[in-house]
Each structure stands twice: as structure tokens, then as C-alpha cells.
Amino acid sequence: MAELDATLDGIEAVFLDLDGTMYLGETLVAGALDFLGRVESRGIHRFFLSNNSSRSVSQYLSKLRGLGIPAEADEVLLSTHDLLSWLSSEGVTETYLVGTEGMRGMLEDSGVTTNSDAPQYVVLGYDTEITYEKLAKATIHLHNGVPMVASHPDTVCPSPDGGLPDSGAYMDLFEAATGVRPVHVCGKPNAGMILHKVEGLGLRPEQCAMIGDRLYTDIEMAERAGVHGILVLSGEAAAGDLEQAPQSPSLVVSSVDELAH
């Protein structure tokens, strides 16, 4: 694969992580809008990716637009989309969901029951509305032999105050209580999260870049998909993490601000 620098020469499409890359909590990362302006002026396709399954597409659009980022529904790719594809491929329509109401709406709108008394799977998402009742019911299903599928593997969700417990942390909780781990984990770093878009645009993987703040999801997915991986140090990953990481990003920058000019 050709060398890549901050000019992004040769790149025709960028896939942008959100939490920790474009914003932290409710605050835009410095230079984010300038970067998007540069991408638009260059005619580069852009898509917003997130493993964070706590929000629906419409909720993400509201947040992005509220932060001054113009976005359309077909530009938002979530781990929930990958999850729905997997559930459909497995013929799953009956589930018990540990997830938010936004995630519940996406599943129910796709014909998946989310509060079944006889679920085929326990579905685990990033539940920012968690209750002990949800944890207890899911645990009982797991004890009774119901398998689990998770929307994504992220252990923490970046915030201005530090990492918050995400789906991966909940996985550890359920394993401690039941000994059960998910039989499948959706979302990044699965290459399918972006390859269908790359192919749909008629591009080669090396003409695309994944920009994100996590080595084990964003950059790992970039390597699996054959696209350039650009690591930003504005979220979870720190420069020191690269010393022991198996992933090798094409480019490392402090934030998207370095790519904005």
C-alpha cells in the first residue's frame, strides 16, 4: 500500500469514527469542522461510523447536526446495523435486549422482538440506561443456556472525564456472573462494517481511510479491510500504546485538526 501523509493524497473516501475522534461527549474536537470542510472541498466521500449502539441513526443525526455537522442517514454506519445483518443471517427474531430505547427501536423496526420470554439470543449493546432488572433477567437467560451476541467489543466509551464502561465492560460482568461470553461480537473491527460501502462506491480499499482513536477496533478494522488506518490521539489511544500494539496505522496524528489544513 502506498505511503500516506496528512495531505490525504490518493484518498477518495474517509470513514470517520465519532466518539473520541470527531467529538468528546458534547464537545467537538478542535478542527473537526475544518477537516470536514476540507474533505468536502476535495470531493472526498465521508461516512460516520460508530460502535456506540446506545443511539439510533435519527439520534445520531440530531447530535451531529446539533454540533454543526451536516449529515444524512445513509452516511451513518452503526454497529447496530452490523448486528441486525447478523441476526437476519441467523434467522433470529426473538431476543432479550440489554440496550437503550434507541437501540430497541432500531431492532423492533426491523422485526426483532426485544423482550421475549423465550429469546433465541441475549443481545448486548452499550446500555446507558442500564438497570439491575435488565442485568438480572439477562443473567437468568444466560444461566438457562441462551447464547449472547454483542453489538461491539469496546471496553470504554471516551468522555472528557475519562473512559466510561461500555459493552466490553458489560461482557466481563456477565462472564463473572455466568461464565458466558458472546458467541459473536458485531461492529468494528469486522471488515464488513465498511467494505460494502467501499465496493458500492466502486473504489479500491487502498483509496479509502479509516480515521479513529482505537487501535483494537478502528485500526484493526482498517487492516482487515485493506484500507489506510489513521490513528488520532484525541480519544482512547495514547502514543505509548503503539509500542506493544499488533496494529500498524498508516498515519498517527494528535487529532483531526492535523488533517484539516
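This structure is a prediction, so every number in the text was calculated from the model and none was measured.
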Ile69 vs Leu28, test: side chain to side chain contact (heavy atoms under 4.5 Å, CB included). Steps then yes/no. CA-CA 10 Å; Ile69 298 175; Leu28 274 175; 3.7 Å; yes
Cation over ring, Lys63 on Tyr23, under 6.0 Å and within 45°? yes
Where the side chain of [X] meets the backbone of [Y], is there a donor-acceptor pair that is under 3.5 Å apart?
X	Y	value
Asp109	Met106	no
Ser79	Gly187	no
Arg38	Leu259	yes
Glu258	Ser254	yes
Thr113	Ser116	no
Arg65	Ala71	yes
Glu40	Gly37	no
Glu223	Ser248	yes
Ser85	His81	no
Gln120	Glu94	yes

d(Leu107 CG, Leu87 CG) to nearest 0.5 Å is 6.0 Å
Would you kindly say whether [X] and [Y] are connected by a side-chain donor-acceptor distance under 3.5 Å?
X	Y	result
Tyr126	Ser151	no
Ser255	Asp257	no
Thr114	Glu108	yes

Given Met22, which partner from the list Leu36, Asp17, Val29 fulfils the side chain to side chain contact (heavy atoms under 4.5 Å, CB included) test? Leu36
Tell me the closest heavy-atom pair linking [X] and [Y], and the distance in Å.
X	Y	result
Val156	Tyr216	N-OH, 4.4 Å
Ala32	Val256	CA-CG2, 3.8 Å
Cys208	Val227	O-CB, 3.5 Å
Leu83	Cys186	CA-SG, 3.6 Å
Lys134	Gly99	NZ-O, 2.9 Å
Val185	Pro153	CG1-N, 3.5 Å

Taking only Lys NZ, Arg NE, NH1 and NH2, and the carboxylate oxygens of Asp or Glu, determine whether [X] and [Y] approach each other closer than 4.0 Å.
X	Y	value
Lys188	Asp82	no
Arg204	Glu199	no
Asp172	Arg181	yes

Option among Asn52, Asn190, Thr80, Asp166 that satisfies the side chain to side chain donor-acceptor pair (under 3.5 Å) test with His152: Asp166
Under 3.5 Å, which donor-acceptor pairs link side chains of residues 139-146 to any protein atom two or more places apart or in another chain?
{"from": "Thr139", "atom 1": "OG1", "to": "Leu135", "atom 2": "O", "distance (Å)": "2.7"}
{"from": "Asn144", "atom 1": "ND2", "to": "Ile140", "atom 2": "O", "distance (Å)": "3.3"}

Chi angles and distances behind the side chain to side chain contact (heavy atoms under 4.5 Å, CB included) call for Leu215, Leu231: CA-CA 7 Å; Leu215 285 159; Leu231 180 70; 3.9 Å; yes
pair Val232-Val253: side-chain heavy atoms closer than 4.5 Å: yes
Determine, step by step, whether Thr27 and Leu67 satisfy the side chain to side chain contact (heavy atoms under 4.5 Å, CB included) criterion, reporting the C-alpha distance in whole Å, the side-chain angles of both residues, the deciding distance to 0.1 Å, and the verdict. CA-CA 8 Å; Thr27 304; Leu67 289 170; over 6 Å; no
Could you walk me through whether Asp74 and Phe47 satisfy the side chain to side chain contact (heavy atoms under 4.5 Å, CB included) test, starting with their C-alpha distance in whole Å, then the side-chain angles of each, then the deciding distance to 0.1 Å, before giving a yes or no? CA-CA 8 Å; Asp74 61 358; Phe47 298 93; over 6 Å; no
Pairs touching residues 142-159 that satisfy salt bridge (Lys or Arg N to Asp or Glu O under 4.0 Å), sequence neighbours left out: Asp154-Arg214
Taking the inter-plane angle between the rings of Trp86 and His184 on a 0 to 90° scale, is it parallel (under 30°), tilted (30 to 60°) or perpendicular (over 60°)? parallel
